[in-house]
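Indexing begins at 1, ligand by ligand and atom by atom, following the structure's order. Note that the structure is predicted; figures quoted are calculated from it, not measured.
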Amino acid sequence: MAIIIKTPEEIEKMRVSGRLTMEVLNMITSYVQPGITTTELDGICHDYIIKVQKAFPSPLNYKGYPKSICTSVNHQVCHGIPSNKILKNGDIVNIDVTVMKDGYHGDSSRMFIVGKPSILAKRLVEIAYECLWAGIAQVKPGAFLGDVGYAIQRHAETRNCSVVRDYCGHGIGRDFHEDPQVLHYGKLHTGELLQPGMTFTIEPMINAGRHEVKLLPDGWTVVTKDHKLSAQWEHTVTITEDGVEVLTLSENEVIPLLI
Ligand code: MF3
Ligand code: CO
Ligand code: CO
């Protein structure tokens, strides 16, 4: 497979699906409280996407995935399946939303801290968010995909966190997952040369302990091998003539200052 460069008309459609994805995450925020189950969060997002947005939750039935969003709690790294598990004070949860509208997908995830966080959990969630933006900051025509991975890895590892190797970001458009693979580690000046019209996700999974992960018997849920906490944030971006446009950006999002 090759990287599909999008036309301006396609980018406009991806702006719409990106905005809808962002709006689902904004909508669900106030529901993420101690006592709610992840299945309830899934149901609220599902109904909103179908009934209000008149769009489709891309994960539902994707390769047999049974729900409309992914909810990954504490040491779950990604692809957690919503269940009757009740969120409790101090949990951290990633909610990953993908919306398809008019044939194009938008994909974004955020961390939510349930009730009062531990200092360690808060620090990990913040570092993972900075890692996302350290990656986004590299995106412009003429840069390399390896520059994105390098910036993320450096930010994480200089803060004693590790980067998950076994899962990555991805091209996105008419397909949920397209080329290229967007690694969240790497070397400067390696990998694909970035060009205007490319659309992909950046979605670093950052662990408090070691980077190794394992897949649970449900076939979806990925957890840290050492059972330490993991955090992830995701945006869908497109490369413009002179930089980057974040298609899933929220109007009230605070972009971190990176040193
Ligand atoms: N949204 C995830 C991603 O960022 C993929 C979820 S696939 C699913 O790529 F089937 F688990 F939903
Ligand atoms: Co993604
Ligand atoms: Co996602």
Side-chain angles (χ1 to χ4, degrees), residues 1 3-4 6 14 17-28 38-39 41-43 45-46 49-50 55-73 76-83 93-101 104-112 128-129 131-133 135-136 139 145 148-149 152 163-184 198-206 213-223 230-238 244 246-250:
M1 273 223 309
I3 298 176
I4 300 167
K6 274 73 180 182
M14 292 196 62
S17 52
R19 178 169 46 75
L20 293 173
T21 302
M22 173 274 287
E23 286 172 354
V24 176
L25 286 165
N26 284 354
M27 179 280 300
I28 202 64
T38 48
T39 284
L41 296 174
D42 176 73
C45 290
H46 175 93
I49 293 166
I50 300 278
F56 189 79
S58 314
L60 187 59
N61 301 320
Y62 176 77
K63 297 184 178 172
Y65 187 77
K67 297 284 184 177
S68 296
I69 61 171
C70 297
T71 51
S72 304
V73 182
Q76 297 179 348
V77 174
C78 63
H79 305 166
I81 304 174
S83 71
V93 55
N94 173 278
I95 299 182
D96 193 336
V97 172
T98 314
V99 173
M100 189 189 46
K101 179 83 172 181
Y104 289 82
H105 299 268
D107 190 7
S108 183
S109 80
R110 297 183 197 160
M111 295 302 297
F112 297 85
Y129 185 64
C131 283
L132 168 63
W133 280 99
I136 293 172
V139 178
L145 216 40
V148 175
I152 291 167
V163 178
V164 171
R165 308 283 200 269
D166 297 1
Y167 297 85
C168 57
H170 49 92
I172 183 168
R174 273 198 174 277
D175 281 322
F176 189 168
H177 294 107
E178 299 182 351
D179 275 350
Q181 292 196 53
V182 179
L183 305 183
H184 303 114
M198 288 180 178
T199 50
F200 54 81
T201 72
I202 302 177
E203 48 181 299
M205 287 140 274
I206 306 299
V213 300
K214 65 179 187 205
L215 183 63
L216 293 189
D218 66 19
W220 286 103
T221 311
V222 178
V223 299
S230 186
Q232 176 181 32
W233 297 77
E234 174 177 26
H235 270 312
T236 298
V237 306
T238 183
V244 63
V246 180
L247 297 172
T248 46
L249 187 70
S250 181

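Put simply, the side chain of Thr199 gets close to the backbone of Ile172: a donor and an acceptor are under 3.5 Å apart. The backbone N or O of Met198 sits less than 3.5 Å from a side-chain atom of Thr238, completing a donor-acceptor pair. Of the possible donor and acceptor atoms, one in the side chain of Gln232 sits under 3.5 Å from a partner among the backbone N and O of Glu203. Checked by atom type and distance alone, the side chain of Asp42 never pairs as donor or acceptor with a backbone atom of Lys67 at under 3.5 Å. A side-chain donor-acceptor contact under 3.5 Å links His170 to the backbone of Phe176. Without hydrogens or angle criteria, Thr71 side chain to Ile95 main chain gives no donor-acceptor distance under 3.5 Å. With hydrogens and angles ignored, the 3.5 Å screen pairs no side-chain donor or acceptor of Thr248 with any backbone N or O of Gly18. A side-chain donor-acceptor contact under 3.5 Å links Thr21 to the backbone of Gly106.
Within the listing of ligand 1, atoms 1 (N), 3 (C), 4 (O), 9 (O) sit less than 4.0 angstrom from a heavy atom of Asp107. Near Cys70, meaning under 4.0 Å from one of its heavy atoms, ligand 1 places the atoms 6 (C), 11 (F), 12 (F). Listed by number with element, the atoms of ligand 1 under 4.0 Å from a non-hydrogen atom of Phe176 are 1 (N), 5 (C), 6 (C). Close approach of ligand 1 to Trp220 (heavy-atom distance below 4.0 Å) involves ligand atoms 8 (C), 10 (F), 11 (F). Every atom of ligand 1 with a heavy atom of Glu203 under 4.0 Å away is listed here by number and element: 3 (C), 4 (O), 9 (O). Set against the non-hydrogen atoms of Thr98, the atoms of ligand 1 under 4.0 Å away are 1 (N).
Of the protein's non-hydrogen atoms, the one nearest atom 12 (F) of ligand 1 is Pro59 CB, 3.1 Å. Looking at atom 2 (C) of ligand 1, its nearest protein heavy atom turns out to be Asp96 OD2, 3.3 Å. If you check which protein heavy atom lies closest to atom 7 (S) of ligand 1, you get Tyr62 CD2, 3.9 Å.
Of all the N, O or S atoms in Glu234, the one closest to the Co ion (ligand 3) is OE1. Distances from the Co ion (ligand 3) to the N/O/S atoms of Asp107 are shortest for OD1.
Remark: the His79 side chain and the Tyr167 side chain contain no N/O donor-acceptor pair separated by less than 3.5 Å.
Considering the Co ion (ligand 2) as centre, the angle to OE2 of Glu203 and to NE2 of His170 is 90° (10° rounding).
Contact annotation: for His177 versus ligand 1, heavy atoms closer than 4.0 Å belong to the side chain alone. At a heavy-atom cutoff of 4.0 Å, ligand 1 is contacted by no atom of Ser109, backbone or side chain.
Looking only at side-chain heavy atoms (C-beta outward), Met205 and Ser72 stay at 4.5 Å or farther from each other.
Residue contacts with ligand 1: Lys63 is excluded, as none of its non-hydrogen atoms falls under 4.0 Å.
The Co ion (ligand 2) has no N, O or S atom of Asp96 under 2.8 Å away, backbone or side chain.
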